[in-house]
Each structure stands twice: as structure tokens, then as C-alpha cells.
Amino acid sequence: MRVGSAFKLAILLACSTACTTVSSEPTAANDHGAAHSMPDGDWQTIHRDLASTRYSPLTEVNRDNVGNLTQAWAYPFRAFNSAVPVVIDGVMYFTAQNRIIALDGATGAEVWVHEHDFPTPTQPGPPPSFSGRGLAYWPGDETHAPRLIVTAAQSLMAFDPATGEPVTSFGDGGVVAVDPGHRGTPTITGNVAIIGADSLENPQGPEGNPRGFDVITGAKLWEFDTTPDEGQPFHETWGGGAEGRGGTNMWGFAATVDESTGTAYLPIAGPAHNYYGGDRPGNNVFGNSVVAVDAKTGEYKWHFQTVHHDIWDIDMSHAGPLLPVQTADGEIMALANVGKSSLFYVLGAQDGDPVHPIEERRVPPGDVPGEYYSPTQPFPVITPPLSRMEMNYQDIVGPEDTSAAHAEACYAMWDKAGGFVNMGPFTPFMYHEQGEPPHSTIQLPGGIGGVNWGGPAADPTTGMVYVNALDTSLVGWVEKVEGDEPYSFDTLAGGPLPEYDRASVDGKGPFFTFSAPLSGEYDDNGRPVGPSLPCYKPPWARLTAVNANTGEIAWAVPLGQYDELPEGRRVLGNAGSAGPSVTAGGLVFIGATNDRRFRAFDADSGEQLWEAQLQGNANANPFTYRGSDGRQYVAINAGGQIVSFALEQ
């Protein structure tokens, strides 16, 4: 344990008063747990608040002066992850491999560093570490001091934010064993810590059930069964394939919570296997669903399924932000849910009913032997898809889009694959018989989205929702599995393999895309020389604003650039999976791009107002807070360091 002596007393005082700090954001009293007020300068969860809005009421940095933001400090933490720190009363806490680090948010100086001595692993693989997504904060109660709660491998652990020492009264000496483990951040509401499960994508394997734990004792309080057993509601949607089913987990990094009703909204991903479901015929409830449960007991309230019988790896990484929206009958609380399909749903928080119309539309069937294909999928009527969901031969890039060499390589790839079949949204991967000529499928927006784990940010004062939406693709087919080795990294070697799996002209596995090197060249091992770009017309990533009150898109602008392209043709959309944050200063901040930049956009118009060059890509969501000196800071995890910006003084 390293403790910065100049700050030890300050952090002890800060943590001793954190439970009683009065906020400018009142929280309604209720009977569902100890709701607490949040100071407007805090960032207390991975999404700032339990409503998952990533909205800060700070206004010191605003659209009029954001151009004056400069780097205040940077802290290299000798690791690479996507952790979003929590900031409590000016002190920042985050994880880095086997360390938990506390920094003074105004200077970046270390307050303390806890280096944890994990047991030596008995299985091959990387050494145990804390979650690379960050940690959670519990503000304490009348008899217990605040705590930091964090997942680590198959453990749930508690630490004292004043000192970094384990809270030994929690579980067994500060540790609760959980199996399967979870690499997200606990969602803490009242005295309940909710975690998901990293159960991998094995057709048969550990259940992916979300669980609730007592944040004081570590006792397990509840577990929600995502694959209903015989005799339970929705068991019939599995066609006899629910027993022992793997996947169908909450791998998302946090749940959304309505503290006024004591409801937790759990994002449940798709069942395993990702690309073949002939052994689970039916719609597979609760796969690909937002599931509302009582946060204290885990009791089911309602669900909304966004994908029936997922065979595309669409998953669900977040339930979406909770915010007030205006309807014909007045204001209600609603969830703005958008995921890897890029379809935008607005759901009533009380019952899950659509705020804007959703209709079941027919989608194309496939031809894989024994597969079940849902005849319909749910589509929003008002909001169009936020990403490309279909393409044809005429959509291939031309020299005017990128370069002559790139376009030529794209046409060559099309020919090599035997062309790509696409019949619109939810096109299934078609079957390929061994030895037959290639005839490939292209599915859009592909396995990473759409909108991936970064998720939306929302301004609860306006009803506007902001997302990083990608145009990605997956290509290939489904074939009968050959041999006993898994085709995918997330299927355990030696475990049960699906009868059918994904492959393409480029080999076994699901991760091949319709993209080609900008140079048009490949090395002797067939690897692209230089950066690869998508082969369909840009833009390929957009920062998009949707009005949740109406369902209409307010604006969309390309996000991210390719510096290798000529001036004037660079901003074609070049982003990863992280998302934005929004402030009362009228700003949307986002890193997320693969061009090592951090940007601010006008929340009303989408105009870019500020940009900073970073040392590495910011594959994490940004956050903003008030430092101990009273100033507003805007920060991001990028390239193995926390970088914080403030206005020039």
C-alpha cells in the first residue's frame, strides 16, 4: 500500500463526510432502499448515476468556452483497460490490473495505491486482476463507513476508500467467492450490489444469471434465472433447450436502476451458441432482453425482448439510460434502449410498454439444417436504424470515397467470397456445404454494432439521447463443424462445441469483415499492409442524437477520421465501442475513436467545438467532475493513462 502523505488526512476527512454531503440533485424518498443524494461534482458510478445517464449538471465548461480546455494533468497507470473512474468529493478511484488507485482529481497526485496479492492461478491464462472496467462506490450508512466494491476473477471484494485496505467484515476477510465471475462493475442501490456473469459462449455451461449481494455482509440475496426451468414462465420459448444452457448472461458492465421504485433493469445478452440455435428452437426468453426486477429481491417485474432467437451475436450490453419523456398522456419515466442492432426503443419504466410504436416485421429465413428462424423481429416505427443494416453491390466504395487501390481490393474480396448475400435487417448467415464453391453472406451492422458496450448518454432535462453508432459487418457462412477445436475465442477448448459454426473464405471463425487495406496490399502471410477500411460507402461511424420524446433523429455527424487519407476526405467515421457523456453546459464529450483524439460537440447541433490529441486511443467513456480546488475537470482513460482537462486559469 502506497499512501501520498500530503493527502492522507484529506482523504480520511473526505470519506468521513461523504455520506452526509448535500446535493443539488434531490433524490425522492422511498421504501426500496437507502437512496442518497449526489453532489453535482461527483461521478459516483461507471455511468455517473444509477439512472445510467452519464449526464453531469456542471456548467463551468460550456459551449462558449470549451475551446479553451487544456490538459491539466496525466497519470500513467502502466496498464491498458477501459475503466471509468468514480470521483467522490474530488478523489478519483479506479482499477489497473492488480491495483486500486486513488488520485487527487485536481492534480493527479496519488492519494494511495493498493497492490493486491492475488493467489497464484492453478489454470493457464492471464494472472488474476481487478475488473478492467472500474469499480463501484457505496456511500455507507449510519453505522458503516463508505466502501469500494470491485469484481476480480471469481471474487467480489470490498475496500475502504479512506485507506485502500480490505474491509475484512465483508465476506471472508473482504472477499466473497462468485462463480461464474464478472468483469463488469457492481451496481449498488441501497444495500444491494448487483453483478452479472462472464459465462462465455458455450452451448452448455455455467448459467449467466445476474445476482444480488448484501453490500455490508457479502451474503448472496438473490439470483435471477435467465433460462427458465420447466414449470417456470417462458420455459416453452426454448423448445426444450434451456437446461444447462450457457450464455444468456448479463455481461454488460452495469445495470440501470430507478431508486424511486426500487427497480433494477438488467441487460441480458443472447444465448450460446452465438451463430447456431437449432438446439434451442423458439424465441429464447430472457435472451436479448431488458428485464426489470425488484432490486432487493430479484423478483421479476417485466421484460422486453429486442431480438427473438439470436443467431447474429447481437447480445445486449446495457439496458439504457432512464429519463423522463413527454407523451400524449403526460411525462413518464422511460428507458432509451439501443444496442448492437442499432434499433432504438423507448420503453416505459413501469411496465416495459413501448412509448413509441414498435411492430413485428417479417425477416428473411435461412437454410442451415435444423436451425430455427423467428419469422419476425421487433422494429421501431418512428426511429430508423442508427447504423447501416443492408447493402448491395452498388454500395461498394469507389476511388472517390477512399483510394483506387482500396476500392479495387474491395471488389476483389467480393469476387473471392462468391458475392455477399444480404436481404436486409436480420439477414441470417446461409449454409455452406464443405467442398462447394463459396457463396457468402454479409450481416450488418455486425457483431460489434451498432451501439456496443459504451452505450448511450442522455440529458434528462431535454430528453435527448446521444450514441456512438457504427457501421460494421460480419461476412461468411455457417458450416458443419470440423474437428474438435472451437472456432471462436469465447468457446472453451475441450468444452461442448456446436454442431454448426461460422466460417468464411478466409478461415474458421466468426470475425471476418468486408474490409480491405487502404494500400490494397497484403503481406506474404495474407495480412493487410497498413490500415484496413470498410468496403461499403462511408460514413462508418456517427455520433447521433435522438429525441426520446418523439423518436426522431435530431442530428448525426461522422465520428473519427483516417489521417492516412487526403485532406478533406478524412472524416469518414473511425470509432470503437466506447460511448459519449453529456453535460448541462451543452456539450457531448467523446473519445471512442481510433484516431487518438478526444472531442466535444454542441449537444444541440452536433457541431464539433473542441479537439485534443491523445497519446493513445481512448477506448473508454469520458467523465467530468469537480476537483478539490472547485474547478470542473473533463477526463478520459486513454492509452494507459488518465488524462484530465480544465479551462485555462
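Because the structure is a prediction, the values reported are computed rather than measured. When reading the values below, keep in mind they use all heavy atoms of this one structure, side chains included, and skip hydrogens, waters and symmetry mates.
- In this structure, Tyr466 has its ring center no closer than 6.0 Å to that of Phe601.
- By the 30° and 60° cut-offs, the orientation of the rings of Phe130 relative to Phe159 is perpendicular.
- Under the 3.5 Å distance criterion, the side-chain polar atoms of Asp40 are left unmatched by any main-chain donor or acceptor of Leu58.
- Atom CD of residue Gln97 and atom CZ of residue Phe77 lie 9.0 Å apart, to the nearest 0.5 angstrom.
- Rounding to the nearest 0.5 Å gives a distance of 7.5 Å between CH2 of Trp555 and CE of Met464.
- Considering every non-hydrogen atom in both Ser199 and Gly208, the closest pair reads OG-CA, 3.5 Å.
- Annotation for Ile194 and Ala264: closest pair CD1-CB, 3.7 Å, computed over non-hydrogen atoms.
- Using a 4.5 Å heavy-atom cutoff, the side chains of Trp222 and Asp294 are not in contact.
- Residue Pro180 comes nearest to Gln154 through the heavy atom pair CA-NE2, 4.3 Å, listed as atom of the first residue, atom of the second, then distance.
- Listed here is the closest heavy atom pair of Ser581 and Ala457: CA-CB, 3.9 Å.
- In this structure a side-chain-to-backbone donor-acceptor pair under 3.5 Å is present from Asp104 to Ala106.
- Within the model, atoms CD of Gln649 and OG1 of Thr70 stand 9.0 Å from one another, a figure rounded to the nearest 0.5 Å.
- Although no hydrogens or angles enter the test, the distance criterion places a donor-acceptor pair under 3.5 Å between the side chain of Arg147 and the main chain of Val215.
- Judged by distance alone, with hydrogens and angles left aside, the side-chain atoms of Ser56 form no donor-acceptor pair with the main-chain N or O of Thr583 at under 3.5 Å.
- Going from atom CG of Leu266 over to atom NE2 of His318 covers 14.5 Å, rounded to the nearest 0.5 Å.
- Within 6.0 Å of CG on Asp179 lie more than 12 heavy atoms contributed by other residues, nucleotides or ligands.
- Residues Ile268 and Pro210 come closest through the heavy atom pair CD1-CG, 3.8 Å.
- Here Thr624 contributes atom OG1 and Ile636 contributes atom CD1; the two are 11.5 Å apart, rounded to the nearest 0.5 Å.
- Closest of all the heavy-atom pairs between Ala469 and Ser387 is CB-OG, 3.6 Å.
- Between Tyr625 and Phe623, the ring planes lie parallel to each other; the angle is under 30°, not in the 30° to 60° tilted range.
- Under the 30°/60° scheme for interplanar angles, the aromatic rings of Phe645 and Trp610 are found to stand perpendicular.
- Without hydrogens or angle criteria, Asp258 side chain to Thr263 main chain gives no donor-acceptor distance under 3.5 Å.
- With respect to Asp563 and Arg597, a salt bridge is recorded, a charged nitrogen being found less than 4.0 Å from a carboxylate O.
- Note: Gln632 CD to Leu647 CG = 7.5 Å, rounded to the nearest 0.5 Å.
- Ring geometry for Tyr93 against Trp112 counts as tilted: the plane angle lies between 30° and 60°, on a 0 to 90° scale.
- Using modelled atom types, one side-chain atom of Ser131 and one backbone atom of Gly184 make a donor-acceptor pair closer than 3.5 Å.
- Judged by distance alone, the side chain of His47 and the main-chain N or O of Ser52 form no donor-acceptor pair under 3.5 Å.
- Using modelled atom types, one side-chain atom of Asn81 and one backbone atom of Ala83 make a donor-acceptor pair closer than 3.5 Å.
- Checked by atom type and distance alone, the side chain of Arg211 pairs as donor or acceptor with a backbone atom of Asn209 at under 3.5 Å.
- Side chain of Asp595 to main chain of Gln561: a donor-acceptor pair is present (N/O by atom type, distance under 3.5 Å, no hydrogens or angles).
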Check the pair Lys220, Val176 against side chain to side chain contact (heavy atoms under 4.5 Å, CB included), reporting the backbone distance first and the verdict last.
CA-CA 9 Å; Lys220 183 177 174 182; Val176 173; over 6 Å; no
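- Screening Asp198, Asn249, Leu156 for a side-chain contact (heavy atoms from CB on, under 4.5 Å) with His182, the sole residue that qualifies is Asp198.
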